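Data first, discussion second: the structure below is written as structure tokens.
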Amino acid sequence: MANPGTSDFSITSPVVGLVGNPNSGKSSLFNLLTGLRQRVGNFPGVTVEKKSGVMRIENLPPVEIIDFPGAYSCYPTSLDERLVVQELTNPKGDLFPDAIVYVADVTKLDKHLLLFTQLRDLDLPMILVLNMADLIEEEGLQVDVTGLSRRLGVPVVAVSARANKGVSELKKAIADLLRNPQEFRPEEPFYEPGVLARDVLGDLRQELPARNDYHALLLAHHASWLKHVPEKTRHKVQEARVKNGFHSLRAQVEETMERYDTFEPIVRDTVRRAKNKSSFSERVDDILTHRVFGPMIFVLIMLLLFQALFAWTGWPMEGIEWFFETLGNTVRENLSEGWFTDLLVDGIIAGLGGVLVFVPQIAALFLFITILEEVGYMARAAYLFDSLMQRFGLNGRSVVALISGHACAIPAIMSTRTIANWKERLLTIMVTPLTSCSARIPVYVILISFAVPKGTFFGFGYQGLAFAGLYFLGIISAMLSALIFKLVLKSRERSFLMLEMPDYRTPVWRNVGITVWQKVKSFIMEAGKIILLISIVLWGLSTYGPSGAMEEARAQVQKTVEEQGLSDDDAADLLASEQLEASYAGHVGKFIEPVIQPLGYDWKIGIALFTSFAAREVFVGTMATIYSIGSADDELRIRDRMAEEINPRTGEQVYNPATAWSLLVFYVFAMMCMSTLAVTKRETGGWKWPVIQFTFMTALAYVSAMVVYQVLS
Amino acid sequence: MPFPRSTAASHFVAGMSGTIERFTNENLACKLLDIGVRPGSRLRLVRKGPFGGSWYVKIDQQCLALRKQELACILIK
Ligand SMILES: Nc1nc2c(ncn2[C@@H]2O[C@H](COP(=O)(O)OP(=O)(O)OP(=O)(O)O)[C@@H](O)[C@H]2O)c(=O)[nH]1
Ligand SMILES: [Mg+2]
């Protein structure tokens, strides 16, 4: 965007990029500088997308700050890392920074300076942030900040993003650098392209739109995938590489070794560390990553999660239920009787209440998973299960997606960007939606009450066991599906684990609280919007029908009532159900009824299935709307309304255990979330995989539900 | 316990340590170098993972999870 040498920001606001190794605290710092709330977590690769925010400094236009994903070097191996190289080698791009704030973990400076020296050789104005300054004393480090600044030729600021120390100094340093970007131009590069690269550079230097030799070298290395390199240049690069026998990997090794040799003495002179003893994290890992205890503790942690979901959420749920019942009653008492009141009370309030009752459980789930991420346990889980995952065609890192998929599949699918191997990543994306996300909780709880009797078995409630069983079913089916995909898809690409184990940290409770609150808020907003929308649309569709059909139904009922001398209540019920059947919604339900009959569903359930394909949390709201219409009684709880539903043909309860189990299994497997499909499409770059995902999950749901119903009924 | 002369790190058991001499696979070498593993680093096999296949390794100050195939490309002296 700007070239070095211009400090004129009158036209555009300056762009500052936060770059550094994974898990060095970039996002934490970003939040401090911009006041935004970007996700933070103790795992390499939390941020997988760039995110921008605005920082205000006196006497400067607003500064745009970009939080980049973490990268180890300018030679990326996964998608999130590629983004960094992509943007920093493209001076014409919108995101090309006017200055870089390079965030390094001061306790790992001997490793984190590799990328620093590479970016420095691109001749970008830079500031080095020594983050985690709060750990300097704890770890017995001595850091010579001025010495570092002199030797590296850039301003150096010690910061603690956790304790909010040194941020004002950093802001001042950023402002100074933006005002005078020329001040810290590098005098000489850390690395001069060596023998392996010289020939190819000689051929290409003039051809490539490069700022300097090192920029040209990076373009020569990465031309094949960099988006901003035009096709023609790509060909030229390829020709030159072949002609000069340029060996990209070998050149990279040579470069990296030379860089280490250059900056290692600098670190040795400026950072002194006390005798290293086995750290706290290692001692904890003796137990948590133990061959035998490790997996056992993992299972225990997961059991604790279910316990948390059930045992600790009882009273807030009752509170919410009470609130919505009171609200519904109050509204009904104060509004005049009529269709609008019915829509409001029976459809919208009951439908919203039916889902929002589960907010405490959903919050508990998010809380638990956020704490696991913040503490640093996810990397251990990835290590523990890597070998097992490999057998199913997945990667240790898939565990992170599979765990967080229990909260919501969308961020889980995004997190797969850190998996470098395409096949492993694809498989993880495909099977993650099979894990039971939080939107399934309302459906599970309501249906389980029909499928499983109350009662206990050795102290465990039957219903609680069934609930855990459904989660287990989700996980097992995810793994088995991965296995099938593994056998179908062929790939020779190498796969890696190579995962850093970050030190354990006490979570920053403020961050945890904010993350959970944001997730819950967005769940309420999203669910609220779609339930509102579907309730209204559905109400319309079930009140109106094709011309003539509704009148005919009414006349028919009139005749039956007169013939059989039905009571007023019965007549009203009959009228309601005949009208629903004649309506547009009824037509939709009737249309799909033949397909779902073998699964044990009637056409009313068909309507609920149909709307659930937009988003599964709509199920409860749809039930509320369908079963509210006409009926004279004022049952507010959806469960009770469903329990009263009788099949007119057999005279039995519609929601008998066989149907309820069949529905449960259907909801475990079916792909009922448009947003997840949209994310799959974006992450896999086309319609092919989301279509396959939708088809296989829905087919699996259909077949399994049919088997379950036929066996149980 | 020291490693015998120049042997792949995958041949040894938990508790052994040594100094990295070189890497035998360029692709892996690049990735290992990027995360700070390089010739001259001290490597110690801390423990084997459950289900076989992966190792908890300490290299210099840093704890890493590496697969057996990855260790096989690291020569220790
Ligand atoms: N002790 C300490 N911990 C910090 C500090 N800054 C960040 N952390 C912690 O370091 C971990 C990583 O922080 P993030 O901000 O997510 O790091 P990141 O660089 O954005 O990581 P990626 O997005 O994965 O590349 C979190 O657990 C933070 O709480 C600090 O100054 N001191
Ligand atoms: Mg981040």
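Predicted model, so just to flag it, every value in this text is computed and none were measured. All chains are named by letter (A, B, ...) in the order of the sequence lines, taking the proteins before the strands, and each is independently numbered beginning at 1.
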By ring pair (Phe, Tyr, Trp, His ring centres under 6.0 Å), A:Phe246 pairs with (sequence neighbours left out) A:His221
Okay, A:His290 and chain B: the region with an atom under 4.5 Å from a heavy atom over there is backbone
Applying a strict 4.5 Å limit to non-hydrogen atoms, the region of A:Asp503 in contact with chain B is neither
A:Lys26 side chain to A:Asn21 backbone, donor-acceptor under 3.5 Å: yes
In short, salt bridge (Lys or Arg N to Asp or Glu O under 4.0 Å) pairs touching residues 70-86 of chain A with sequence neighbours left out are none
Highest number of heavy-atom pairs under 4.5 Å with chain A among B:Ala29, B:Gly52, B:Cys63 belongs to B:Cys63
Among residues 491-498 of chain A, those lying within the under-4.5 Å heavy-atom range of chain B are A:Arg494, A:Ser495, A:Phe496, A:Leu497, A:Met498
Turns out that what part of B:Arg47 lies under 4.5 Å from chain A's heavy atoms comes down to both
TODO: Can you establish whether the number of heavy atoms outside A:Arg272 located under 6.0 Å from its atom CZ is more than 12?
DONE: no
| task | Could you label the plane-to-plane angle of the A:Tyr383 and B:Tyr56 rings as parallel, tilted or perpendicular, counting under 30° as parallel and over 60° as perpendicular? | result | perpendicular
Turns out that what part of A:Gln118 lies under 4.5 Å from chain B's heavy atoms comes down to neither
Honestly, the part of A:Leu388 sitting under 4.5 Å from a heavy atom of chain B is both
Highest number of heavy-atom pairs under 4.5 Å with chain B among A:Leu115, A:Asp110, A:Val253, A:Asp286 belongs to A:Asp286
Under 4.5 Å to a heavy atom of chain B? For A:Gln390 that would be side chain
In terms of heavy-atom pairs under 4.5 Å with chain A, the winner among B:Leu66, B:Leu33, B:Asp60 is B:Leu33
If one checks every heavy atom of A:Thr256 against chain B at 4.5 Å, the contacting part turns out to be side chain
Those residues at least two apart in sequence (or on a different chain) that pass ring pair (Phe, Tyr, Trp, His ring centres under 6.0 Å) with A:Tyr260 are A:Phe263
Closest heavy-atom pair, B:Ala8 versus B:Ala72, reported as atoms and distance to 0.1 Å, is CB-O, 3.5 Å
